[in-house]
Amino acid sequence: MPPIISIGRLAVKLRGRDAGRKCVLVGIIDKNFVLVTGPKRLTGVRRRKVNIDHLLLLPQQIKISKNASDDEVIKALEEANLLDFMKEGFS
């Protein structure tokens, strides 16, 4: 069963300039689009609207509020010991 789309879910971008980079879902726009962030200074993925079909959802999830700032996301990743995991490339 694939992981559920939820705020704080980690994902890998499969298409576009950020393909292969990890990101975090910070908002759900509708049934087809979500708002993701890397954050940019951590993984190079800037905050943007992304089609769900262009993401590979990962089982990991962090506790963040809806539309959390990049600093809040980095703090939550640090608490979950996922900073190094986020920096790793995906192949």
Side-chain angles (χ1 to χ4, degrees):
M1 186 172 124
I4 323 174
I5 295 163
S6 56
I7 292 172
R9 174 74 59 197
L10 274 52
V12 176
K13 291 199 66 194
L14 299 175
R15 304 232 175 104
R17 70 167 73 176
D18 298 326
R21 293 188 180 156
K22 294 177 185 150
C23 57
V24 180
L25 276 64
V26 290
I28 299 168
I29 298 168
D30 60 30
K31 65 183 181 109
N32 294 320
F33 291 96
V34 293
L35 187 66
V36 301
T37 186
K40 186 168 181 359
R41 70 174 186 252
L42 184 64
T43 66
V45 178
R46 58 195 173 118
R47 188 173 291 248
R48 63 187 332 171
K49 178 173 120 175
V50 176
N51 189 318
I52 292 167
D53 293 340
H54 297 179
L55 294 174
L56 170 64
L57 297 174
L58 299 173
Q60 294 88 342
Q61 187 162 358
I62 56 173
K63 282 193 179 291
I64 55 170
S65 58
K66 185 176 183 185
N67 296 322
S69 71
D70 284 358
D71 290 334
E72 290 175 77
V73 172
I74 286 178
K75 188 174 180 222
L77 286 166
E78 213 170 284
E79 288 170 4
N81 293 321
L82 290 170
L83 281 180
D84 291 336
F85 173 75
M86 291 298 286
K87 290 177 190 172
E88 292 169 9
F90 189 82
S91 50

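The line from CZ of Phe85 to CG of Leu58 is 5.0 Å long, rounded to the nearest 0.5 Å. In this structure, the separation between CG on Leu14 and NE2 on His54 is 8.5 Å, given to the nearest 0.5 Å. For the atom pair Ile74 CD1 and Met86 CE, the distance stands at 9.5 Å (nearest 0.5 Å). Atom CD1 in Ile62 sits 11.0 Å away from atom CD1 in Ile7 (nearest 0.5 Å). Between the CG atom of Asp84 and the CD atom of Glu78 there is a distance of 10.5 Å, given to the nearest 0.5 Å. Separation of atoms CD1 (Ile52) and CG (Leu57) is listed at 8.0 Å; rounding is to 0.5 Å.
Scanning both residues, Gly44 and Asp18, for their nearest heavy atoms gives O-OD1, 3.8 Å. Residues Ile64 and Glu72 share a closest heavy-atom pair of CG2-O, 4.4 Å. Nearest approach of Thr43 to Gly38, heavy atoms of both residues: OG1-CA, 3.0 Å.
For Arg41, the salt bridge (charged side-chain N to carboxylate O under 4.0 Å, His left out) partners two or more places apart in sequence, or in a different chain, are Asp71.
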Show me, pair by pair, the donor-acceptor contacts under 3.5 angstrom made by side chains of residues 23-37, not counting sequence neighbours?
| from | atom 1 | to | atom 2 | distance (Å) |
| --- | --- | --- | --- | --- |
| Asp30 | OD1 | Asn32 | N | 2.8 |
| Asp30 | OD1 | Phe33 | N | 2.9 |
| Thr37 | OG1 | Asp70 | OD1 | 2.8 |

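Judged by distance alone, the side chain of Lys40 and the main-chain N or O of Arg47 form no donor-acceptor pair under 3.5 Å. The main-chain N or O of Arg9 is never found under 3.5 Å from a side-chain atom of Ser6 such that the two would form a donor-acceptor pair.
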Review point. Can you check side chain to side chain contact (heavy atoms under 4.5 Å, CB included) on Gln60 and Lys22, steps first, answer last?
Key: CA-CA 11 Å; Gln60 294 88 342; Lys22 294 177 185 150; over 6 Å; no
Review point. Are Leu55 and Lys13 close enough, and set up right, to give a side chain to side chain contact (heavy atoms under 4.5 Å, CB included), and what steps lead you there?
Key: CA-CA 5 Å; Leu55 294 174; Lys13 291 199 66 194; 3.8 Å; yes
